[in-house]
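Report on the structure given below.
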Amino acid sequence: MVAIIYMILATAMFFLQDTYFLIGGVEFSLKNPCVVGILFLALINFIVTVRPGRTIILVRHTLVQLVPCAIPFFFSALIWVMSSADSIMIANGTGMIIPQISSVLVATATLYLFGSRGLWYCLGSMCLANFGRVLVVVWEGGVGAFMAEFYTLIVTFSVETGPLMEALEINDLTFAFGPFLIYLLLKRKEVAHWPLWMLASSLLFVIGLKRTAILAVILSVLVVWIVQLLPEKAARQTALVIGLGMLFISFMYIVGIRYGLFQYLEAHFGIDTKGRVAMFMNLEPYYDISITYMGKGTGFERYVDWASGERFKIPQRTLMPIHNDFLRMYLNIGFVGYWIWIWSWLMVRLRYWFKQGGKSAGCVFLGVGIYCFTLFATDNTIYYPYTMIACALVPMSCNLDALAENELVKHRSRWED
């Protein structure tokens with residue numbers, strides 16, 4: 001019964017992303033009641049069941065996953081206090097961080113309810129929701145038109161598309177399949193019904209084709225396959241070196257953007273930057289590459305139309321986003337805040353997963369980290385709730401049942417003593 005209720009709530013949550021209702025003139029997504037329902041279901045289950053081993057492990061996992069959400073809030077709060085920010089700015093920034101936290105909590109709730117099997121309940125719900133969207137589009141546009149546009153999408157690698165494919169180009173839901181695909185490719189021998197899961201996930205991933213996401217999956221799997229061939233200690237050390245390299249590259253990328261990287265690429269190589277040159281030039285008045293740069297606070301990017309440079313007095317949700325989450329985080333929380341955030345986002349969690357779950361869990365998190373790193377450099381995925389759920393759920397599910405059992409045995413012996 002619990003599984004049925006969860007599947008209904010989770011499928012509705014994934015399906016209703018762009019469906020909104022008004023309360024007091026404020027827009028709320030219909031997915032939010034579904035999120036609350038999943039958390040409430042897990043709370044009731046927690047009250048009536050006794051799973052101390054699973055609870056202890058999931059508390060640790062959850063706290064580690066929440067640290068990169070808490071740090072931007074901490075630095076933003078300091079900025080808001082020092083700049084005497086108004087309530088609208090504070091509510092805007094807080095409203096961007098809360099979905100990140102709720103996404104991690106949904107992943108935790110899923111794993112508390114079902115243990116490691118929660119990964120498949122969540123992925124199954126995503127597939128059902130996405131298949132539902134496909135059926136709606138096919139019903140409205142016709143099977144022939146759908147297949148023709150899908151063929152064009154694949155042949156041109158999404159360079160050319162049509163209105164039906166555009167209706168299914170839901171970035172958040174498409175990106176969310178990436179961590180599951182990484183897990184499936186890395187854990188092929190351990191997954192029951194692997195061909196079915198792989199077929200469904202790959203098909204839906206391709207229907208919402210995002211070239212960056214495909215590149216990110218391929219890159220992460222290739223790197224992790226190599227790391228997995230190493231002994232435990234060497235794999236951990238190699239992963240940490242890769243992580244340090246990613247930290248350095250992310251910051252140098254920000255520096256390069258500030259000092260004309262995209263202008264150089266466009267002028268000397270004729271690369272179409274899709275308007276990024278103008279956007280990054282409009283960003284320049286708002287940040288500096290300096291240890292003294294404090295940041296503007298989370299959510300500041302909603303106050304400026306980066307396509308034109310026009311600034312607004314209240315936050316706007318329909319402006320062209322900054323297609324670079326590293327630069328966005330640096331803009332929002334400053335030099336010191338950025339380095340603490342990215343260290344917690346990658347290095348702290350990489351060490352944790354290798355220590356807590358061994359090479360298996362550590363390598364899975366490394367794969368997810370490389371995937372997110374690639375997306376952060378070119379897109380706006382850091383605040384995508386579905387992608388956040390997947391990125392939290394996949395590493396948290398690794399060896400969860402075994403870890404919970406070991407934790408229970410360890411504490412049981414202490415209680416008996």
Side-chain angles (χ1 to χ4, degrees), residues 1-19 21 28-49 51 54-55 58 61-62 65 99 102-139 168 170 172-184 187 190-205 207-208 384-398 400-401 404:
M1 187 63 179
V2 172
I4 294 173
I5 296 173
Y6 173 85
M7 290 290 288
I8 292 172
L9 288 171
T11 302
M13 175 184 69
F14 290 121
F15 187 83
L16 297 172
Q17 178 188 25
D18 297 320
T19 308
F21 62 98
F28 293 91
S29 172
L30 275 175
K31 72 175 182 289
N32 293 328
C34 301
V35 169
V36 173
I38 291 171
L39 298 181
F40 184 73
L41 180 65
L43 177 63
I44 295 298
N45 197 265
F46 173 77
I47 293 172
V48 300
T49 58
R51 298 190 180 110
R54 188 181 295 179
T55 301
L58 284 177
H61 286 3
T62 304
Q65 291 292 97
S102 64
S103 295
V104 174
L105 294 180
V106 166
T108 302
T110 301
L111 293 175
Y112 183 83
L113 289 168
F114 309 111
S116 294
R117 292 180 296 116
L119 184 143
W120 309 116
Y121 283 104
C122 184
L123 179 55
S125 300
M126 280 178 54
C127 290
L128 287 173
N130 214 341
F131 272 125
R133 287 185 174 274
V134 170
L135 291 176
V136 170
V137 170
V138 171
W139 177 266
L168 293 171
I170 305 164
D172 192 3
L173 202 52
T174 299
F175 287 135
F177 279 103
F180 291 106
L181 283 170
I182 292 169
Y183 184 90
L184 286 166
K187 301 285 186 180
E190 302 174 22
V191 177
H193 311 295
W194 185 88
L196 177 62
W197 286 117
M198 192 66 195
L199 176 63
S201 300
S202 301
L203 178 62
L204 294 169
F205 188 59
I207 286 176
Y384 284 173
Y386 300 157
T387 306
M388 284 283 295
I389 290 173
C391 290
L393 183 66
V394 168
M396 288 170 71
S397 68
C398 289
L400 175 62
D401 297 334

ring-ring contact (aromatic ring centres under 6.0 Å, His included) with Phe14: which residues, sequence neighbours excluded? Tyr386
Of Leu41, Leu43, Thr49, Leu400, which meets side chain to side chain contact (heavy atoms under 4.5 Å, CB included) against Tyr112? Thr49
Mind checking what makes side chain to side chain donor-acceptor pair (under 3.5 Å) contact with Tyr183, not counting sequence neighbours? none
When you compare the side chain of Ile182 with that of Val394, does any pair of heavy atoms fall below 4.5 Å? no
What residues form a side chain to side chain contact (heavy atoms under 4.5 Å, CB included) with Val138, not counting sequence neighbours? Val134, Val143, Phe146
Taking ring-ring contact (aromatic ring centres under 6.0 Å, His included) as the definition, give me every residue that meets it alongside Phe40, ordered by chain and number, with sequence neighbours left out. none
Taken in chain and number order and not counting sequence neighbours, the residues that satisfy side chain to side chain contact (heavy atoms under 4.5 Å, CB included) with Ala404 are Arg54
Taking all atoms of both residues into account, what is the closest heavy-atom pair of Phe15 and Ala129, and its distance? CD1-O, 3.4 Å
Any donor and acceptor pair, going by atom type alone, linking the side chain of Asp401 with main-chain N or O of Ser116 inside 3.5 Å? yes
Can you name the residues that form a side chain to side chain contact (heavy atoms under 4.5 Å, CB included) with Thr174, not counting sequence neighbours? Phe205, Lys210
How close do Ala390 and Ala176 get, heavy atom to heavy atom, and via which atoms? CB-O, 3.3 Å
Report the C-alpha separation of Asn130 and Leu173 in whole Å, then their side-chain angles, then the decisive distance to 0.1 Å, and conclude whether the side-chain contact (heavy atoms from CB on, under 4.5 Å) test is met. CA-CA 8 Å; Asn130 214 341; Leu173 202 52; 3.9 Å; yes
Filter on side chain to side chain donor-acceptor pair (under 3.5 Å), then keep only pairs touching residues 117-129, sequence neighbours left out; what's left? Arg117-Tyr121
For the residue pair Cys122 and Ile389, what are the closest heavy atoms and their distance? SG-CG2, 4.1 Å
Between Ser103 and Pro385, which heavy-atom pair has the shortest distance, and what is it? OG-O, 3.1 Å
Rounding to 0.5 Å, atoms CG (Leu128) and CD1 (Ile8) come to a distance of 11.0 Å
To the nearest 0.5 Å, tell me how far Leu123 CG sits from Thr110 OG1. 12.0 Å
What residues form a side chain to side chain donor-acceptor pair (under 3.5 Å) with Thr387, not counting sequence neighbours? Asp172
Please enumerate all residues that pass ring-ring contact (aromatic ring centres under 6.0 Å, His included) together with Tyr6, with sequence neighbours excluded. Phe114
Nearest heavy-atom neighbours spanning Val35 and Ser102: CG1-CB, 4.2 Å
If you compare all heavy atoms of Gly118 against all heavy atoms of Leu111, which two are closest, and at what distance to 0.1 Å? CA-CD2, 4.4 Å
Excluding sequence neighbours, so at least two apart, what forms side chain to side chain contact (heavy atoms under 4.5 Å, CB included) with Thr62? Leu66, Val104, Leu105, Thr108, Met396
Using side chain to side chain donor-acceptor pair (under 3.5 Å) as the criterion, list what pairs up with Ser397, not counting sequence neighbours. none
Could you tabulate the donor-acceptor pairs under 3.5 Å formed by side-chain atoms of residues 196-204, not counting sequence neighbours?
from	atom 1	to	atom 2	distance (Å)
Ser201	OG	Trp197	O	2.9
Ser202	OG	Met198	O	2.7

Taking the six-membered ring of Phe46 (Phe, Tyr or Trp), confirm whether the NZ or CZ of Arg51 is under 6.0 Å from its centre and within 45° of its axis. no
